Amino acid sequence: MTDKRKGTSINSSSRILGDKTFAAISAVEGLKLGRASKERLSALREKKLTPAQKRAEVLRAYVQPKGR
């Protein structure tokens, strides 16, 4: 299966982690989500977006527009 983004692919060794699994791994590494991140993820869940749309929303939150 090929991802729509140029140059990337999803193969049998790729894994997508759910929220709980990602949180558990992050906790072991000593990482915690900030309040803004938790609120953003909660809002994304409520919107029932596709995985691609969720990724785009998260990227939009961290990528600064050019000229800033």
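Since the structure is predicted, the reported quantities are computational estimates derived from the model, not experimental observations.
- Partners of Glu39 under the side chain to side chain contact (heavy atoms under 4.5 Å, CB included) rule, at least two apart in sequence or in another chain, are Arg35.
- Partners of Ser42 by side-chain hydrogen bond (donor to acceptor under 3.5 Å, both in side chains), not counting sequence neighbours: none found.
- Leu31 places none of its side-chain heavy atoms less than 4.5 Å from the side chain of Ile25.
- For Ala24, there are no side chain to side chain contact (heavy atoms under 4.5 Å, CB included) partners at least two apart in sequence or on another chain.
- Contacts classified as side chain to side chain donor-acceptor pair (under 3.5 Å) and involving residues 20-32 (residues at least two apart or in different chains) are not found.
- The side chain to side chain contact (heavy atoms under 4.5 Å, CB included) test applied to Leu33 returns Ser37, Lys38, Leu41, not counting sequence neighbours.
- Cluster membership for Val63 and Leu49, using ILVMFWY side-chain heavy atoms within less than 4.5 angstrom, is not shared.
- Residue Arg55 holds its CZ atom at 8.5 Å from CG of Leu59, rounded to the nearest 0.5 Å.
- Under the rule for a side chain to side chain contact (heavy atoms under 4.5 Å, CB included), the partners of Arg60 that lie at least two apart in sequence or sit in another chain are Ala56, Glu57.
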